[in-house]
There are 2 protein chains.
Amino acid sequence: MGRENAPSRNGLTMVNLRDVARLAGVSAATASRALAQPQMVSATRRADVERAAAALGYRHPNAAPEPGSWRSLGLVVPDMENPFFASIAKAVQRRARAAGLAVLVADTEDDALLEAEPIAQMRALVDGIILCSPRMPDAALAELVGGPEVLLVNRRSDHLRSVVIDNRDGVRQALAHLHALGHRHVAYAGGPRASWSDSERRGGLEPDYHGIGDLRTTPLGHFPPTFSGGVAAADLLIASGATAVLAHNDLVAFGLLERLRARGVDVPGELSVVGFDDVPAASFVNPALTTVAVPLDRLGRAAVDLLLDPDALVESVEPQGAETTTPSRLLPVSLVVRGSSGPARAVAPSATARA
Amino acid sequence: MGRENAPSRNGLTMVNLRDVARLAGVSAATASRALAQPQMVSATRRADVERAAAALGYRHPNAAPEPGSWRSLGLVVPDMENPFFASIAKAVQRRARAAGLAVLVADTEDDALLEAEPIAQMRALVDGIILCSPRMPDAALAELVGGPEVLLVNRRSDHLRSVVIDNRDGVRQALAHLHALGHRHVAYAGGPRASWSDSERRGGLEPDYHGIGDLRTTPLGHFPPTFSGGVAAADLLIASGATAVLAHNDLVAFGLLERLRARGVDVPGELSVVGFDDVPAASFVNPALTTVAVPLDRLGRAAVDLLLDPDALVESVEPQGAETTTPSRLLPVSLVVRGSSGPARAVAPSATARA
DNA sequence: GTGAAAGCGCTAACAA
DNA sequence: TTGTTAGCGCTTTCAC
């Protein structure tokens with residue numbers, strides 16, 4: 001009689017190509033061609049067959065397993081050892097498991113050129129991809145439309161949906177905090193040039209944005225988003241004459257703290273340090289780091305939820321203005337004040353720093 | 001004429017069920033039954049057919065994709081936010097990519113009960129699994145034989161192959177270092193009860209093993225392998241009267257450092273602290289942590305290599321004695337001396353600690 | 001238990 | 001461009 005996979009699958013009666021053909025009013029051969037070689041059939045016929053197939057829920061027996069059958073999800077991060085991404089990965093993993101999805105992870109080693117390959121590899125395997133802090137140019141991102149959906153984290157694009165945090169507002173909060181402590185000159189130890197977050201945070205430094213009158217901000221340059229990057233920035237910081245510094249992220253802030261200690265600069269006595277992200281270790285270091293807390297778990301959760309359901313309810317602030325054509329969720333951040341920031345001193349730290 | 005997937009696949013001529021039947025000397029129908037419903041055919045016939053199918057490399061067209069076709073690998077870790085596992089995950093990822101494998105990651109949230117589920121889920125999806133520091137009982141591990149191979153990291157078992165580090169020797173090195181600095185009483189801030197590493201490290205504390213005559217070791221108890229665990233252990237440490245402490249891992253050591261600072265105990269002046277793992281942050285904290293360096297990247301690499309090729313060449317020390325029936329690679333560790341360990345003082349720290 | 005034959009779903013060759 | 005027809009690989013029915 002019937003054949004193993006033909007008459008039924010999972011107890012339900014399967015629809016034949018014959019059924020589709022009958023509903024579309026064509027022969028089985030035409031239906032076959034319409035679905036397999038669309039260019040070999042007239043547009044009208046093709047539309048008829050496709051509509052019929054969709055109506056009946058027809059699936060080709062030899063086709064790849066349907067997306068819903070072995071649900072999985074890809075996660076691409078620049079550096080798994082960076083606690084920022086480790087926390088996001090954990091959150092994504094947790095949420096994905098709750099939804100019954102497996103998570104494939106790729107580490108791009110902080111290399112923009114290495115991003116393309118794992119993404120391409122993943123697209124064949126997963127039903128959706130979460131792309132964290134991609135460094136690749138926007139044009140390359142545009143290539144990712146079609147196929148399994150790609151959702152951006154920590155970057156906005158005109159071509160893909162995204163979940164981002166309110167970087168500018170985070171900077172504003174940090175500056176307001178430092179200003180209230182009496183600081184009038186704040187340095188910024190920036191991140192990589194290709195980093196979207198960094199350019200956003202620089203935007204927050206603009207007087208037009210933060211609106212604090214008597215505050216001077218000095219970018220120190222671009223540094224790797226790591227401990228070493230912070231170490232490298234510290235001496236420039238001391239030479240800048242600023243009384244406080246905002247770091248691109250917590251790792252950079254850790255490097256700053258280390259080098260400032262080595263240089264004999266007291267924190268927060270002589271210089272205040274503020275980080276960004278609120279990585280777990282931020283409360284472990286000494287002095288504990290004042291930092292802009294990013295809701296890492298919510299970020300990961302929201303990414304998964306939005307990937308699965310574009311209309312998912314995500315706690316987010318209203319995206320200000322229609323800057324992009326693709327929808328993006330904006331998550332609020334909040335400053336966490338700890339020991340590394342304090343009242344400004346009259347004397348600049350460079351005067352007291354020991355060689 | 002031929003059919004899409006029948007006459008050839010990837011340019012090679014596919015073998016039919018007919019071919020198998022012919023070689024086995026049976027009809028196509030019998031061959032079909034022998035492979036699909038083995039109980040409906042005699043044992044001899046079945047054996048014939050199976051042998052023929054194997055000889056010709058026959059694969060059922062509608063069967064699941066062969067394991068070799070979309071190579072992937074599962075990685076199970078207790079906590080992705082723990083930098084120890086983050087580093088291993090990164091190393092595994094790097095090696096896997098070089099071999100063209102995708103990596104599926106599962107985080108068991110430090111919960112022994114949560115381990116079983118992701119493992120079961122993964123077995124259906126991947127070609128091999130790397131299981132890091134599993135907490136599950138040995139009996140449960142035994143259930144994992146058969147199916148995609150499971151390789152243990154950081155734990156030895158009679159049932160599965162493994163890659164482990166020389167925990168005891170690490171402890172011995174740390175104790176020898178402290179003894180040379182004049183310490184005669186060393187405390188141990190232990191890890192979780194179910195942790196294999198912890199029990200191994202406790203083994204290294206035994207005088208019979210380390211062979212240092214005038215050295216007393218005091219286990220302080222079992223603590224979570226986290227920063228908080230270290231904080232909790234610190235007060236017990238001070239009360240113990242020991243002049244040095246070996247922590248289960250670096251995170252615990254960080255917690256110890258933090259709490260000792262809060263209690264006003266100088267490190268290494270009054271108390272020396274030694275960690276285990278040499279996590280990246282170990283060189284960032286202040287004072288920088290003396291610790292037993294575990295070759296995390298090599299550990300991850302070796303795990304992948306051994307999974308792919310049981311005979312892979314891995315730099316390892318000779319496993320001492322035939323303790324287990326299953327082969328396991330033993331990776332050497334080496335002490336890294338930094339600022340957190342120094343000469344012992346005559347006065348015990350409890351005398352000077354401020355309330 | 002086994003083989004011959006009929007049946008399934010699908011695609012490719014062929015003629016119109 | 002379309003339907004008819006033939007053919008593929010596999011399974012199951014049916015008789016023995």
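Here is the naming used below: chain letters follow the sequence lines, and residue numbers restart at 1 for every chain.
Remark: R97(A) does not engage E117(B) in a salt bridge, criterion side-chain N to carboxylate O under 4.0 Å. Between E109(A) and R94(B) a salt bridge is recorded (basic side-chain N to carboxylate O distance below 4.0 Å).
Considering only side-chain N and O atoms, H60(B) lies under 4.0 angstrom from the phosphate OP1 or OP2 of dT11(D). The phosphate of dG9(D) has neither OP1 nor OP2 within less than 4.0 Å of any side-chain N or O from Y58(B).
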Query raised in the report: Do S328(A) and R156(A) pass the side chain to side chain donor-acceptor pair (under 3.5 Å) test, and can you show the C-alpha distance, the side-chain angles, and the key distance before you say yes or no?
Result: CA-CA 7 Å; S328(A) 81; R156(A) 234 193 284 247; 2.8 Å; yes
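If you take CG of L17(B) and P of dG3(C), they are 12 Å apart, rounded to a whole angstrom. Distance R45(B) CZ to dG1(C) P: 12 Å, rounded to the nearest Å. If you take CZ of R46(A) and P of dT1(D), they are 11 Å apart, rounded to a whole angstrom. Going from atom CZ of R18(B) over to atom P of dG7(D) covers 13 Å, rounded to whole Å.
Between the side chain of D19(B) and the main chain of N16(B), a donor-acceptor pair closer than 3.5 Å is present. In this structure, the side chain of D107(A) engages the main chain of M80(A) through a donor-acceptor pair within 3.5 Å.
For the contact set between residues 22-42 of chain A and DNA chain D, defined by any heavy atom under 4.0 Å, the members are V26(A), S27(A), A29(A), T30(A), R33(A), V41(A), S42(A).
With sequence neighbours left out, the salt bridge (Lys or Arg N to Asp or Glu O under 4.0 Å) criterion links R123(B) to no other residue.
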